[in-house]
Amino acid sequence: MTMPLSTLIRARREAIIERFVGELRRQGTAAPETREPLLLHALPSFLDEVAARLEDGVPPSGSDGAAHAQGEATWAPGFDLEGTMREYGVLRRAILREIREAGLTPKPGEVEALSDCVDARIARAVSEHARRQREALEAERRRAELERGQSGALLSQAPAPICLLRGEGLVLELANPPFCQMVGRDDLLGKPLVEAVPELRGQALLTQIAAVAASGEPAVARALPVRIAHWTGELVERLYDVVCRPVHAVSGAPEGVLLMALDVTEPIGARQKAERLALELQQSVAQRQRAEQALRVNEERFRRALRGSPVMVFNQDRNLRYTWTHNAFGKAEREVLGKTDAEVLEDLDAARSLDRIKREVLASGVGQRREIALHAGGRTQHLDLSIEPLTDDTGEIVGITCTATDITERKSIEQALRASEARFRTVKEASPDGFMILRSVRDASGAISDFEWVYVNPAIGPIVGGRGKDLEGKRLLVEMPGSALASALDTYARVVETGEATRVEISCAHDGAPRIFRAIAVALGDGVGVTFHDITEQKRTDAERAQLLEQEQRARQHAEQLNRLKDEFLATVSHELRTPLQSILGWARILRTGEVDAESLDRGLATIERNAKAQSQLIEDVLDASTILAGKLQLRTEPVDVRQVLATALDLVRPAALAKGVAVNAWVLDDVGIFLGDADRLQQIVWNLLTNAVKFTPSGGHVRAGARRVDAMLEVEVEDDGEGIPESFLPFLFERFRQADGGMTRAHGGLGLGLTLVRHLAEAQGGTVHAESDGEGKGARFRVRLPIRAEAQPALPSTQRPGSDGQGPAARRVLDGIRVLVVDDETDARELLGIIFVRAGATVSEAASAGAALEALRGGEFDVLISDIGMPGEDGYAMMRRLRALGPEVPASGIPALALTAYTRMEDRRQAIAAGFQMHLAKPIEPNSLITAVAHLVGRAGHRGTWP
């Protein structure tokens, strides 16, 4: 509804004043405690004035009487413009709230008119205060002039430090004794203040004095720190209340400053101490209030908790009569209060027992906790009873307080658990898997720091070092620090905290044997149960399987690599074997035409012989490599003339070097001496190195070979200035079938076995071989080092090496009168052997099979048998065994026999000797070597019986 604002102000004036005062007190914006709010006395008249102005519509001008009262009220404490405006703002809000609460809607412009009245009142109050201030200043000036003449006597008698400073330099004109005592000196008069008391420079006191002298306005400072030099030179600081008033000349201009100081050091210290004590007291009271409030809250919570709790709680006095109960034995409160246990309980034995226990608590003042059984109504109730002494404010025991929990169900569960545990122990004691239960041990912070054994079964022994039940009740880190179990402590703690089962593997050693267990840890309350299953064999099987798989993979990779190398090698072998065959077959067909002159005949035969030897050498290298790789290389140990071996190797390689235009030189130091080893193998090493050097040295190059003794080692060196060895190929130089240039466009022939044979032959004699090269086009150096005394091994007939066959008696008829039986399924081979033996003077008979040979031996007389091994139907081994088995009744059963075969392995030689052959030779063989061997076999060379 609508009501004039003036009417509302008059009707609710007292309510507005009350609201105004209450709001100021809540905000703490009222005047100091010594007086009421500044507007309070003038407020009724001001509200009446505002209402009248609103009714008459007169513009606000403020009330002279109210403004005078406001100026008087604010003069004594000092005018506070901000506080005055705040009070008027509170008044405006109080009026507006009354309007809202009354549900009124002011007329248009009334709220603005109200604000104008308030603003005019503030302006008038400020003006009145300023007028009063000017009047006061004028009165003060007149009083100062009046008192100036009396100041000297007053200053000397005043108890507080006072001084008078004049002029711009602030020269001390007057200084009473307390001031001289304050600054610690008395020769002050006539001196500028900063000269008389120099330590005042930069201090707040000097700044304040200078400001008053400059502005002519008085200044007051409370607890101003002043530091004065003590006679010891130390600056001593004290606190002063300082009043500085300007001294004016007759003209009214400031001409000096009157300073008055009051030492408040001790009072302020005492006040600060009192304030601290008051604050502490206030905090103590607040803390006690909070504690009391918390106690009331806790008590209320306790009561609420008890309302729905099955726990029994009761108090009894010193006569053990119930004074307060909650849920006591299922009885109502009126049935229990004032009675004793004997009067409440049906079980008198239990009552007597409880009476005895409670009196012990009353006598000793120490609480007790017991489990009791109450028998009533044909059933037994189990209680967990806690009894504590109850004291008053003086600490005197006035009774007891008891809490009892019904644990009947828990007892039943415990009994079931004990039965279950008995079954569990029976199972675990017989289990082949180890099992243990650990209880958590926690530190002060609640973190798990260790575990304690609760149970271990017999199978746990290997995991805990053979120990068993003695571990129960003991701690893990104490008994087994550093063990595999201790290292898994963090894992067990994580299982307890998270409740998630975990699998881990634990390794330990038992009886000197490593064991591996798979552990499964599960949370059991505030502990963990761990089962250990021995997986040592499984791990071993897995490791063996993984190792076999890795070996199989390596073997497969190696086999694939060897397969590639084999393919390359077979292609190389095919090429190297077919190349000399082309020359042999070509020249053979040319010679068969008969249309050749003598020179062409010699050249053709020489070509055929040279290529046949090259082909034979290739086959020998392959066979030697096979023998070495099979680990069946046999060495002979005998004194070797190193010079002779080196010279023979040079003779063998010199024709090829001369044909290529390569110079070959050799040197042997005199101290080499005699080498104990296999001469043929040493010659084979040197020959392979020289052949390799000549092959890779261009025309006009040089190859040098030499031998020296280095300590107890024979060192053979071959050096050339040829093509050199790429650095990337050096690590693979001695691998079989490896060639730096192994493609179809390679510049040099060979199988890539020569250097491999050198390495194996050197290592077989306890030596080493090393290759060096400065790079491609810079030559190469090979050094072989062999012990002077090689290890002797049982010797067997070795294959013929290059140059080991001397110029035998081919032209002489060393086999005159010797009857030879040649056995071979190849016609060409029989015819060739027949020609060779006939030219040597022998009589030759031929047989194409083992059966034909045996028939010939039964019917004829022969001096020697030459037989192949590989023949269709029956091989040479079987034939010889049958022949030797004929016995003395057949004279031919003891005939000397020589196996001439392409089967040249060491086991082939052994098998031939075991079958009954006296000698084993490899195809192809030089005719001279064959004739010499047969001559030895039949005793024509005087060595009959010396061959195996």
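Heads up: numbering here begins at 1 and tracks the sequence. Predicted model only: the values in this text are computed from it and were never measured.
- Heavy atoms of other residues, nucleotides or ligands lying less than 6.0 angstrom from CZ of Arg882 number 12 at most.
- When side chains are defined from C-beta on, Ile685 does not count as touching Phe782, because their heavy atoms never get closer than 4.5 Å.
- Gln644 and Thr648 share a side-chain donor-acceptor pair at under 3.5 Å.
- Using a 4.5 Å cut-off on side-chain heavy atoms (C-beta onward), Leu786 and Leu682 make contact.
- Counting non-hydrogen atoms of neighbouring residues, nucleotides and ligands closer than 6.0 angstrom, the CD atom of Gln553 exceeds 12 such neighbours.
- In terms of modelled atom types and a separation under 3.5 Å, the side chain of Asn692 and the main chain of Asn688 share no donor-acceptor contact.
- Using a 4.5 Å heavy-atom cutoff, the side chains of Leu857 and Val890 are not in contact.
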Going through the distances and angles, do Asp868 and Glu826 end up as a side chain to side chain contact (heavy atoms under 4.5 Å, CB included)?
-> CA-CA 9 Å; Asp868 190 13; Glu826 294 289 340; 5.7 Å; no
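- Looking only at side-chain heavy atoms (C-beta outward), Met879 and Leu854 come within less than 4.5 Å of each other.
- Using a 4.0 Å cut-off between charged nitrogen and carboxylate oxygen, Glu560 and Arg556 do not count as a salt-bridge pair.
- With rounding to the nearest 0.5 angstrom, the CD1 atom of Ile913 is 11.5 Å from the CG atom of Asp908.
- Arg709 places a side-chain N or O within donor-acceptor distance of the main-chain N or O of Asp711, the cut-off being under 3.5 Å.
- Here the straight-line distance linking atom CD1 of Ile818 with atom CG of Asp863 works out to 4.5 Å at 0.5 Å rounding.
- The shortest distance between side-chain heavy atoms of Phe837 and Val934 falls below 4.5 Å.
- Contact of the Asp721 side chain with the Thr697 side chain is registered, since non-hydrogen atoms from C-beta on lie closer than 4.5 Å.
- Side-chain contact between Arg785 and His770 is absent, with no heavy-atom pair separated by less than 4.5 Å.
- Nearest heavy-atom pair, Lys660 versus Phe696, reported as atom, atom and distance to 0.1 Å: NZ-N, 4.2 Å.
- Rounding to the nearest 0.5 Å places CD1 of Ile788 at 11.0 Å from CD of Glu715.
- Nearest heavy atoms, Gly677 versus Gln765: CA-OE1, 4.2 Å.
- The minimum heavy-atom distance linking Gly887 with Ser893 is given by the pair O-OG, 2.8 Å.
- Electrostatic pairing of Arg545 and Asp542 counts as a salt bridge here, judged by a charged N lying under 4.0 Å from a carboxylate O.
- In summary, Glu907 and Arg910 do not engage in a salt bridge, as defined by a charged side-chain N under 4.0 Å from a carboxylate O.
- When all heavy atoms of Ala899 and Ala912 are compared, the pair lying nearest together is CB-CB, 4.4 Å.
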What do the steps show when you test Val844 against Leu833 for side chain to side chain contact (heavy atoms under 4.5 Å, CB included), and what is the final call?
-> CA-CA 9 Å; Val844 179; Leu833 292 177; over 6 Å; no
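- Although no hydrogens or angles enter the test, the distance criterion places a donor-acceptor pair under 3.5 Å between the side chain of Arg830 and the main chain of Asp824.
- Separating the NE2 atom in His920 from the CD atom in Gln911 is a distance of 9.5 Å, to the nearest 0.5 Å.
- Of all heavy-atom pairs spanning Arg884 and Ala897, the tightest one is NH2-CB, 3.8 Å.
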Any chance you could lay out the side chain to side chain contact (heavy atoms under 4.5 Å, CB included) test for Leu755 and Leu689, step after step, and finish with the verdict?
-> CA-CA 7 Å; Leu755 293 181; Leu689 291 177; 3.9 Å; yes
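- Taking both residues in full, the closest heavy atoms of Glu717 and Arg783 are given as OE1-NE, 2.9 Å, listed atom of the first, atom of the second, then distance.
- The local environment of CZ in Phe862 is crowded, with over 12 non-hydrogen atoms from other residues, nucleotides or ligands closer than 6.0 Å.
- Here Glu550 pairs with Arg554 in a salt bridge; the nearest charged N to carboxylate O distance falls below 4.0 Å.
- The distance from the CH2 atom of Trp667 to the CZ atom of Arg643 is 11.0 Å, given to the nearest 0.5 Å.
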Would Glu552 and Leu549 satisfy side chain to side chain contact (heavy atoms under 4.5 Å, CB included), going step by step from the backbone distance to the final call?
-> CA-CA 5 Å; Glu552 188 275 334; Leu549 178 60; 4.2 Å; yes
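- At a threshold of 4.5 Å between non-hydrogen side-chain atoms, the residues Leu865 and Leu883 count as touching.
- Summarising the geometry, atom CD1 belonging to Ile869 is positioned 7.0 Å from atom CG belonging to Asp875; distances are rounded to the nearest 0.5 Å.
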